[in-house]
Amino acid sequence: MERKAQEPPSPPAMENGTRSCEEHPPAALVATVTEGAAKIVFPNANEVFYNPVQEFNRDLTCAVITEFARIHLGAKGIQIKVPGEKDLQKIAVDLSEQEEETAGKKENLPPRDQPRTAAVGEICEEGLRVLEGLAASGLRSIRFALEVPGLQSVVANDASARAVELMHRNVALNGVTHLVQPNQADARMLMYQHQKAPERFDVIDLDPYGSPAPFLDAAVQAVSDGGLLCVTCTDMAVLAGNSGETCYSKYGAMALKSRACHEMALRIVLHSLDLHANCYQRYIVPLLSISADFYVRVFVRVFTGQAKVKSSASKQALVFQCVGCGAFYLQRLGKVSGDPGGRIKFSAACGPPVSPECEHCGQRYQLGGPMWAEPIHDLDFVGRVLEAVTTNPGRFHTSMRIQGVLSVVTEELPDVPLYYTLDQLSGTLHCNTPRLLQLRNAVKTDAPPGTLWDIMRCWEKECPVKRERLSESSPAFRILAVEPRLKANFNIREDANPSSRQRGLRRFQANPEANWGPRPRARPGGKAATEDLAERRRLLQNKRKEPAEDPDQRAARLKTFPCKRFKEGTCQLGDQCCYSHSPAAPVASDDVPIADCPETPTQMAPEPKAAGGGVPGPGVD
């Protein structure tokens, strides 16, 4: 990342009849930001939103859209050329005379019969039509134009006039005016205007500040049949279970607090997308879903089909989660069955799968969901993206992290929702934690929770818990009171260490800057990130903790308390003692008036005052 303060360049006249940027006074200073192949100018004032931490998000999106373009255009006989990728080597084989003659004829084909290719920065007439609904500075759209081949057009939309002015400047700066079209409109209205099939976009990218819920209904209608929808959610406090009622109002599901809250957040977003699509006889197919840093990101394809929509209910599930031991069970909303004639029958599912109290610890259950209960990744597609990034690591700045995240995705069980964590299981029983090679840190399994607790009971026998310290009503006491029905083997297997861990793949990026994380919302005329703002952020750190006491104030406060050892005659510190050695005045009683006290306040040593204002410290009347 490169930034430097400079005078803003004089912007060119804006197209489409809109006003020129010169009509508005530009910010005093701008920063030059270089990311990927794009270089943009950005105002220091917080008028247009930009967060450098999202570079991983933008890199991954470019990689995903590239592979989607390879599939989409490959069906039309168009090959894409990605910068840095080596051309496929032709395999030499022995050809007969007839085959050689045929091969020679193919080499002499006219230009129109040659395989068509699409390169970066060129307009492909049959290529992808891309919409970035909330483009801000236009960085993401410009990177699409400069790094993703096979594009027909990119519409960079934002509702802010200041953002659109900045986009025009950055588009001209990068020389992609032929591909990127800045547009000022409400993203929802723009997508609603492209509901008709010929006008739909092949790729829609939504990366809003906070929740994308207001845009989902329009997005599932404006994307083409089989098109790609990319959605980011940064309201993780809501999706992770801190405010279940708010999650329901935005996504139509109740989120639960658990160790698997991030995966549940992904599944709630997928449920919401599928629910919106079902209203228009459409359905989703997830390609890739990840949780990174402070947000979740999903890539789904949207298809049209009434028959497929009927099975959507069977893809959603409620979650019953025990508040004591954390055991969870899924209850599907619908049921799909077939008859001997080959016809498919849809019906309501039967349930619930649990009794009112947990069979393991006797506690009650919480109800969460509905959420998406089918696979959240297409492993074939993930493998294609991973292979492309691995063979061309210099394409993205965060290539190593993309490899690490996608490698872990390929190691997961695809058809098992949610998981248990090792510290959660050990913490419930108050026992030592097994080594990571003995039991995985996160356990995805289709085995019933009873089997998992039997494994932990076997582990507890090797590392016993002091039963006398456990309350009889605690989940640990009730779980350990039952003998295991199996014998677990904790010997380390040869395949215990996953490949991604052996290779030391990176899954977390280095901090790009101090105090990184979610940024404040962009506002018109926003304040610049000056030293005063940085100082204010520093002061607000740990604001709920008690501030450190000044040493002089602490010494004065301690001097207001009498020294107990001085009263006993054992204090040897003298004036160096932090407590007071002055004799205390006797307490006045009803029989002895204060005026008759032999030691008046004028005869006593003056009490020390507290710092700042002369107010006596605690304990001084």
Side-chain angles (χ1 to χ4, degrees), residues 237 240 242-243 257 259 294 323-324 363 421-424 426-433 460 463-477 480 511 513-518 520 529-621:
N242 287 347
S243 183
K257 287 185 178 181
R259 299 303 175 89
F294 51 86
V323 300
Q363 301 292 327
T421 60
L422 191 54
D423 60 320
Q424 169 200 351
S426 303
T428 301
L429 298 184
H430 304 288
C431 66
N432 293 335
T433 304
E460 189 273 338
C463 302
V465 175
K466 295 183 178 180
R467 306 293 181 91
E468 63 273 9
R469 295 186 177 181
L470 300 178
S471 171
E472 295 184 0
S473 60
S474 66
F477 184 88
L480 295 177
N511 295 351
E513 58 184 11
N515 304 320
W516 70 279
T530 59
E531 295 181 359
D532 294 340
L533 181 58
E535 178 65 16
R536 181 171 176 269
R537 288 174 177 171
R538 187 189 66 81
L539 293 176
L540 290 178
Q541 294 292 326
N542 303 321
K543 60 182 179 181
R544 297 183 180 178
K545 295 183 179 180
E546 290 292 335
E549 189 175 11
D550 184 76
D552 295 336
Q553 291 182 352
R554 182 176 183 274
R557 181 174 59 83
L558 293 179
K559 278 293 185 181
T560 62
F561 297 98
C563 177
K564 294 182 179 180
R565 295 185 178 180
F566 176 76
K567 289 183 178 181
E568 299 171 355
T570 60
C571 183
Q572 304 295 330
L573 297 178
D575 294 338
Q576 300 297 325
C577 182
C578 60
Y579 296 104
S580 174
H581 285 189
S582 301
V587 181
S589 62
D590 296 337
D591 299 333
V592 181
I594 296 179
D596 295 338
C597 182
E599 279 188 337
T600 60
T602 57
Q603 298 171 331
M604 296 177 57
E607 293 287 347
K609 304 294 184 180
V615 181
V620 178
D621 295 331

- request: Calculate, to the nearest 0.5 Å, the distance between atoms NE2 and OG belonging to H430 and S474 respectively.
  value: 5.5 Å
message: I want to check something: taking the side chain as every heavy atom from C-beta on, are K559 and C578 in contact at a cut-off of under 4.5 Å?
response: no
field: side-chain hydrogen bond (donor to acceptor under 3.5 Å, both in side chains) partners for N242, two or more places apart
entry: none
Pairing residues for F566 by the ring pair (Phe, Tyr, Trp, His ring centres under 6.0 Å) criterion, not counting sequence neighbours: H581
query: If we only count heavy atoms from C-beta on, is the C563 to C571 side-chain gap below 4.5 Å?
result: yes
- line: Output for pair (L573 CG, Y579 OH), nearest 0.5 Å, gives 11.0 Å
statement: Here the pair of heavy atoms bringing G324 nearest to T428 is O-CG2, 4.4 Å
message: Nearest 0.5 angstrom please: Q424 CD to L429 CG, how far?
response: 10.5 Å
Partner residues of R467 under the salt bridge (charged side-chain N to carboxylate O under 4.0 Å, His left out) criterion, sequence neighbours left out: E460
query: With sequence neighbours excluded, what pairs up with T433 under the side-chain contact (heavy atoms from CB on, under 4.5 Å) test?
result: L422, S426
message: Tell me every residue that passes side-chain hydrogen bond (donor to acceptor under 3.5 Å, both in side chains) with S473, counting only those two or more places apart in sequence or in another chain.
response: S471
query: Hey, does N432 have a side-chain heavy atom less than 4.5 Å from the side chain of V465?
result: no
- request: Return the set of residues passing side-chain contact (heavy atoms from CB on, under 4.5 Å) with K466 (not counting sequence neighbours), or none when no residue passes.
  value: E468, R469
